[in-house]
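Chain identifiers are assigned alphabetically (A, B, ...) following the order of the sequence lines, protein sequences preceding nucleic acid strands; residue numbering begins at 1 within each chain. Since the model is a prediction, treat every value here as computed from it, not as a measurement.
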Amino acid sequence: MSTNRQLADCFERIASILEVTGANGFKVNANRRVARVIKDLPDDISSHAGDKKGLTAIDGIGAGSADKILEFLDTGEISELAELTSQVPDGLVDLLDVPGLGPKTVRRLWQEVDVTSIEKLKLAIGDGTLESMPRMGAKTIANIADSLKFMETSGDRLGIGKALPIAEALITQLAEIPGVERIEYAGSLRRGRETIGDIDLLAVTMDPDALADSFTTLPEVAKILARGATKCSVRLQRGVQVDLRMVSEDAFGAALMYFTGSKEHNVALRERAIKAGQRLNEYGLYPDDGGEGTPQSRGVTPVAAASEADIYKALQLPVHPPELREQRDDVEQSPPPLVEIGLVHAELHAHTRASDGVMSLPELVEQARSRGYHTIAVTDHSKSSVQANGLSEDRLRKHIDEVRELDSELKDIRVLAGSEVDILADGRLDYEDDLLAQLDIVIASPHVALRQSADKATSRLLRAIRHPLVHIIGHPTGRIINKREGLSPDMAALVEAAAECRTALEINANPLRLDLRDTHVRLAVGAGCLVAINTDAHSPEDFDLLRYGLLTARRGRLGPDQCINTWPADRLHEWLSSKRP
DNA sequence: GCCGTTTTCGGCCCGACTGTTTTCAGTCG
């Protein structure tokens, strides 16, 4: 596990223990925030060893947390955490993970009936101990039992590659319900996060009852978690929770903004509103007239509510695209121009039947052409990728000839002869230079030795970045989301070298990879790197994975000028040629 | 615990829903 992850877990744990022991809630939140900030750091926090000033310069980290971080980097532990851990029974904080159990209830379980772990909770439900507690009725106990059962079968957060199609299918179904005028998804899905905790839907309807009924009785619904006048929650059979909010058309922007989040972005906007003598909630931005109760309930006319753009404008802030609402920047800072899917004109990483793809060469080219691309690169695997039917030198030479022949017949699209060549464990490439030099495009990717040390990974990847014949580093860390951590190289060193050598780093758009990840993209953009967004297509439908790469790119503030897939053909081909003898 | 173009002290977002209990606490997002 990376140092960042370990340290973030420490702060998360500090927050949980403080919460259960009844500490000040703001202190709890401050520790949670530190955990999040550390987890989001693109680089290894070890680089800040001994650097208290640098640490406190990071938003959310104050002097106290900086000391704890330095202690951890120095000794591998945090004494405050050890002290806190000794104050609560082992397993107690695990109870916070049970949906429906919050800090207050966990504390009561501990102190009133000595339930201090998930196991003990199950026993206490079984033997009736729980029923003896005040405010612990049959329904509450049944809900806890259900949550425990759910926890056994549910795994990690849902990947965006699964969540987005589910949301779109739900929207298609619900849009058909009579009275529904508008329905969209919000939440972390709209922000394009790589994994999703739950799906948030927002609807405008003339008949809320009909929509709520239809929603809660969809065949894929396993359990109804809540059904109110404006909000319903269900759990689907696939385990994912879906929240549906019904709002009025004239407040749709405020609601969309509110439910898109992130929570931190909302807080920043609210604080901004308060400073301007206003109040912001999911119904709109209101003048603060000092009256009792909520402005919407008193019929106060909002300053802005109908669209997100109206609200940002009224707050005198630039409009933030959903992907940039993680509150990693000051809200007053104008977002840069971002890449858009319509600007992509080239796919630079794709496989054919020659290695492990399912498309013939003409089929691959047809997919690219149907999307209006000016360039498609054929990049089958190299010889070391035996499991992927990688090409021997002889097979690659013949493959190059085939690609060149097809290319010569086509006027409207350029077909590049390339390879996705393995970066071996020590940084050497899988083909000799004279063969690589014959290719129009070389993507160098790590496929093996993905558990090597950070130092080895850094020098391995640096060697590939600096190789004069390499254009793009494919999926640089080799991670698979929720499955394989992949390499943890010194990203700051990588992006610096890549910028200097004009070697592009890839955002592999496959939603299982998204590698570079958003924080790495951000670092690369800041360093002035070239970035490629590639689908790594093995089949025709893989071309549609591009949108996941775009979301990640936008979350990393990537603009069209640094994204080589958006370049006009001339500029792209010129850059490719510049790396040829 | 963190933060400051009103502040180095005194704030720190706000509403919906549930379950339980008769007016609200707890959880969630």
Side-chain angles (χ1 to χ4, degrees), chain A residues 11 14-15 18-19 22-37 55-69 80 95-109 131 133-144 146-147 186-189 191 196-202 212 224-234 241-247 251 254-255 257-286 288 293-297 327 330 332:
Chain A
F11 278 97
I14 288 172
L18 287 173
E19 195 170 35
N24 177 307
F26 298 110
K27 189 168 163 181
V28 172
N29 277 340
N31 277 284
R32 286 249 150 78
R33 185 172 177 205
V34 173
R36 188 181 88 84
V37 166
L55 285 171
T56 51
I58 301 170
D59 223 19
I61 299 181
S65 296
D67 284 338
K68 283 172 221 164
I69 294 167
E80 183 184 332
L95 290 173
L96 288 173
D97 294 335
V98 180
L101 290 191
K104 299 272 167 55
T105 313
V106 169
R107 189 180 162 86
R108 286 186 51 215
L109 286 169
E131 292 163 33
M133 294 174 70
R135 297 193 63 88
M136 192 59 80
K139 279 190 174 177
T140 303
I141 294 173
N143 281 338
I144 295 173
D146 185 75
S147 291
S188 54
L189 187 56
R191 301 201 308 278
I196 304 302
D198 55 23
I199 295 172
D200 294 296
L201 301 179
L202 211 55
I224 300 170
L225 301 169
R227 189 201 185 288
T230 64
K231 178 193 160 179
C232 302
S233 282
V234 300
Q241 181 177 330
V242 186
D243 296 343
L244 172 70
R245 323 264 175 165
M246 290 169 283
V247 303
M257 176 179 249
Y258 183 84
F259 292 114
T260 296
S262 64
K263 206 159 71 175
E264 292 78 10
H265 188 69
N266 287 348
V267 168
L269 295 180
R270 270 173 214 279
E271 286 173 353
R272 173 90 183 184
I274 289 167
K275 275 183 191 156
Q278 295 169 322
R279 282 183 69 178
L280 178 64
N281 61 27
E282 62 258 54
Y283 297 99
L285 178 67
Y286 295 89
D288 191 355
T294 61
Q296 64 273 13
S297 65
Q327 208 46 37
D330 203 309
E332 290 178 32

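- Contact annotation for A229(A): backbone-only contact, meaning every heavy-atom pair under 4.0 Å involves sugar-phosphate atoms and none involves a base.
- The residue L269(A) sits apart from the nucleic acid: no heavy atom pair falls under 4.0 Å.
- Mapping P99(A) and I274(A) onto DNA chain B via the closest heavy atom, the residue that lands nearer the 5' end is I274(A).
- Anti is the classification of dT22(B), since its glycosidic angle lies more than 90° from 0.
- Looking at heavy-atom distances under 4.0 Å, A138(A) makes contact with sugar-phosphate atoms alone, never a base.
- Rounding to the nearest 0.5 angstrom, the gap separating the CE atom in M246(A) from the CG atom in L244(A) is 5.0 Å.
- The nearest heavy atom of DNA chain B to L96(A) and to K68(A) marks one nucleotide each, and the one closer to the 5' end goes with K68(A).
- Checking each of K104(A), R32(A), K27(A) against E19(A) for a side chain to side chain donor-acceptor pair (under 3.5 Å) leaves exactly one that passes, namely R32(A).
- Here R33(A) lies out of heavy-atom contact (under 4.0 Å) with every strand.
- With a cut-off of 3.5 Å on both Watson-Crick or G-U wobble distances, the partner of dG10(B) is given as dC3(B).
- dT7(B) and dG1(B): their P atoms are spaced 25 Å apart (whole Å).
- Scanning all heavy atoms of the two residues, the minimum distance from Q241(A) to S233(A) falls at NE2-OG, 3.9 Å.
- Of all nucleotides in DNA chain B having an atom under 4.0 Å from a heavy atom of chain A, the first and last in 5' to 3' order are dG1(B) to dG29(B).
- One P atom belongs to dT21(B), the other to dA16(B), and the distance between them is 24 Å to the nearest Å.
- Nucleic acid contact for P134(A): none, since no nucleic acid atom lies under 4.0 Å from a heavy atom of the residue.
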Which is it for V234(A) and L225(A) under the side chain to side chain contact (heavy atoms under 4.5 Å, CB included) test, yes or no, and what are the steps along the way? CA-CA 5 Å; V234(A) 300; L225(A) 301 169; 5.8 Å; no

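- Rounding to the nearest 0.5 angstrom, the gap separating the CZ atom in R33(A) from the CZ atom in F26(A) is 13.5 Å.
- A donor-acceptor pair shorter than 3.5 Å cannot be found between the side chains of N266(A) and E264(A).
- Nucleotides dT23(B) and dC17(B) are separated by 22 Å at their P atoms, to the nearest Å.
- For the residue pair V34(A) and S65(A), the shortest heavy atom distance occurs at CG2-OG, 3.4 Å.
- Nucleotides dG15(B) and dC9(B) are separated by 29 Å at their C1' atoms, to the nearest Å.
- Looking at heavy-atom distances under 4.0 Å, Y258(A) makes contact with a base.
- Nucleotides dG29(B) and dC13(B) are separated by 12 Å at their C1' atoms, to the nearest Å.
- Within 4.0 Å of S233(A), counting heavy atoms only, lies no atom of the nucleic acid at all.
- Proximity of L201(A) to D243(A): side-chain heavy atoms (C-beta onward) are nowhere separated by under 4.5 Å.
- N29(A) comes within contact range of no nucleotide atom at all, as no heavy-atom separation falls under 4.0 Å.
- Nucleic acid contact for G60(A): sugar-phosphate only, since backbone atoms but no base atoms lie under 4.0 Å from a heavy atom of the residue.
- One P atom belongs to dG26(B), the other to dT20(B), and the distance between them is 14 Å to the nearest Å.
- Within 4.0 Å of N266(A), counting heavy atoms only, lies no atom of the nucleic acid at all.
- Nucleotides dC28(B) and dT22(B) place their P atoms 23 Å apart, quoted to the nearest Å.
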